[in-house]
Amino acid sequence: MDGRRTILLDHLVTGLRALMGSGVTFYALAVILAGAIYPLWTQRWRTSHTETVLTMFKIIGAIVAIIAVTGWGPAALFAPDMLPFLFDKLVISVGLIVPMGAIFLALLINYGLMEGVGVLCQPLMRPIWRTPGRSAIDAVASFVGSYSIGLLITNRVYLAGRYSAREAAIIATGFSTVSATFMIIVAKTLNLMSMWNLYFWLTLLITFIVTAISVRLPPLAMMDDQKEDAETDVPQGQRLQQAWRESLGAAERAPRLGDSVMTNLREGMLMTMSILPSILSVGLLGLLLAKYTPVFEWVGMIFYPLIALFGIDEAHQLSQAVASGLAEMFLPALLMTDASLPARFTAGVVSVSSVLFFSASIPCILSTRIPLSVGRIVMIWLIRTLLSLALAIPAGLMVAAIVD
């Protein structure tokens, strides 16, 4: 479509957005308003302090959505990197891709693919990342589609008792990174497209190495690892046969396709209603803090000694940019566009490999039933960012040496 090379789901979402035209704005507004009302209507806001705070942010998100659509509000909110960026690039895209992707989830998780892949990938996933083989599906869904789709799968499987709390948390914070298509946007912004293959594969490698290390550290290592439906060990030499049997058994037990699609579509819409208002409120707050306060400069001081150790010229600028990634993963790319190649490459890798950011992925995680608090998520982000820098800076220096 339009000469772009991307995955089928992205083409479908692009086509749907074009078909809806200006109506997509009002669709997003309606979903956000419904998302703010839903926890009040179901009384879910009373269930915990976290739910109360999230509901407050959803109500704020509904107000921000009205401001975005009507154009009433301070001019500072309508700067290109503020509300227009959040609403057009994130809110509308996520608002379309989650329900659309949910339709296809039935094929991924109900008819044997997850079981078969789980058996085949068990020798790889369990020792390296301490997750079941079936989690490979989550990782692929996040990377080729959307972290929101990956989280939707993870939440479904966790609620079914097939992931433990620790496994679900590892997958949500370690595999649910931005899609490959979004990496292209980062690479273009940082002028890295001429070395796309190096950027893509090194980022992928660093992301999964960081996950393998972080699962062995608190807080992930300390979480509950009990579950109802554990994967069975496969006898040596029988993995292919076992994968085939597991797949056929799952297909025989599966519900009718139409029923499964409707169930997934309903859950996808509920997740969309939960995510969108949070993206607007939390994301806007993060962008305002990054632009008008020294908060991320202070946070960046945590990373400065490590960056300076490698002799990066723009150590102070890079430390602040990396810290701003907690607000929005795209901010490091925006802040480092004019830096040297090692600093640009590092910013591009870390913005992806740190995985967690308040404008979208963290609200997505909090909208699931996975037992991760904001404090735990921020601690995991800090660990991932430090590990990512330790690997990305040498990679950036190596790439600069190769290119020169």
Side-chain angles (χ1 to χ4, degrees), residues 1-15 17-18 79-94 96-97 142-148 176-207 279 283 286-287 290-291 312 314 317-318 320-357 359-361 385 388-389 391-393 395-400 402-404:
M1 184 174 290
D2 299 328
R4 292 190 305 127
R5 292 176 62 86
T6 184
I7 61 172
L8 177 60
L9 179 59
D10 188 37
H11 280 312
L12 292 172
V13 170
T14 301
R17 184 167 183 170
D81 57 347
M82 288 292 174
L83 268 184
F85 168 75
L86 278 175
F87 203 86
D88 295 336
K89 301 297 184 183
L90 291 176
V91 169
I92 291 178
S93 296
V94 172
L96 292 175
I97 201 169
S142 297
F143 198 67
V144 303
S146 164
Y147 55 84
S148 51
S176 298
T177 187
V178 295
S179 66
T181 51
F182 213 101
M183 285 178 64
I184 294 174
I185 300 173
V186 172
K188 284 181 178 178
T189 303
L190 291 169
N191 194 25
L192 299 175
M193 286 304 293
S194 61
M195 56 198 78
W196 166 252
N197 279 328
L198 280 171
Y199 172 67
F200 177 86
W201 291 111
L202 283 171
T203 300
L204 188 63
L205 178 64
I206 288 170
T207 299
I279 289 177
L287 292 175
K291 190 169 185 177
I312 295 288
E314 305 93 335
Q317 182 185 358
L318 181 58
Q320 184 176 352
V322 167
S324 71
L326 180 60
E328 161 53 44
M329 67 81 53
F330 198 61
L331 283 178
L334 292 176
L335 295 173
M336 298 300 293
T337 52
D338 298 322
S340 63
L341 176 56
R344 282 186 284 123
F345 195 92
T346 300
V349 171
V350 175
S351 66
V352 176
S353 62
S354 57
V355 173
L356 303 164
F357 50 99
S359 70
S361 69
T385 303
S388 297
L389 282 169
L391 296 171
I393 296 174
L397 293 170
M398 179 193 71
V399 168
I402 292 173
V403 171
D404 291 341

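Given the structure is predicted, the values throughout are model-derived calculations rather than measurements.
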(request) For Ala187 and Met193, work out which heavy atoms get closest and say how close. (result) CB-SD, 3.5 Å
(message) Within this structure, what is the NZ-CE distance for the pair Lys291 and Met82, rounded to the nearest 0.5 Å?
(response) 4.5 Å
(message) My understanding is that only residues two or more places apart in sequence, or in another chain, count here; which of them pass side chain to side chain donor-acceptor pair (under 3.5 Å) with Lys188?
(response) none
(request) Mind listing the closest non-hydrogen atom pair of Ala333 and Leu190 along with its distance? (result) O-CD2, 3.5 Å
(message) I need the Ser354 OG to Ile206 CD1 distance, nearest 0.5 Å.
(response) 12.0 Å
(request) List the atom of Val349, the atom of Tyr199, and the distance in Å for their closest heavy-atom pair. (result) N-CE1, 3.7 Å
(message) For Leu318 versus Ala347, what's the shortest heavy-atom pair and its separation?
(response) CD1-CB, 4.0 Å
(request) Nearest 0.5 Å please: distance from the CG atom of Leu331 over to the OG atom of Ser351. (result) 10.0 Å
(request) Report yes if some heavy atom in the side chain of Leu202 is under 4.5 Å from a heavy atom in the side chain of Phe345; otherwise report no. (result) yes
(message) Looking at every heavy atom in both Arg344 and Met336, which two are closest together, and how far apart are they?
(response) CG-O, 3.1 Å
(request) Only counting residues at least two apart or in another chain, list the ones meeting side chain to side chain donor-acceptor pair (under 3.5 Å) with Ser388. (result) Ser353
(message) Just verifying a value: how many Å separate Leu335 CG and Gln320 CD, rounded to the nearest 0.5 Å?
(response) 6.5 Å
(request) Hey, could you give me the OG1/CG distance between Thr346 and Leu391, rounded to the nearest 0.5 Å? (result) 10.5 Å
(message) Donor-acceptor check, side chain of Ser361 to backbone of Val355, threshold 3.5 angstrom: yes or no?
(response) yes
(message) With a 4.5 Å cut-off on side-chain heavy atoms, are Trp201 and Leu205 touching?
(response) no
(message) Within the 4.5 Å heavy-atom criterion, are Val186 and Met329 side-chain neighbours or not?
(response) yes
(message) Once rounded to the nearest 0.5 Å, what's the spacing between atom CE of Met195 and atom CD1 of Ile402?
(response) 10.0 Å
(request) Might you point out which heavy atoms bring Leu96 and Arg17 nearest each other, and give the distance in Å? (result) CD1-CB, 3.7 Å
(message) For Ile312 and Leu397: C-alpha separation, side-chain torsions, deciding distance, then whether side chain to side chain contact (heavy atoms under 4.5 Å, CB included) applies.
(response) CA-CA 9 Å; Ile312 295 288; Leu397 293 170; 4.2 Å; yes
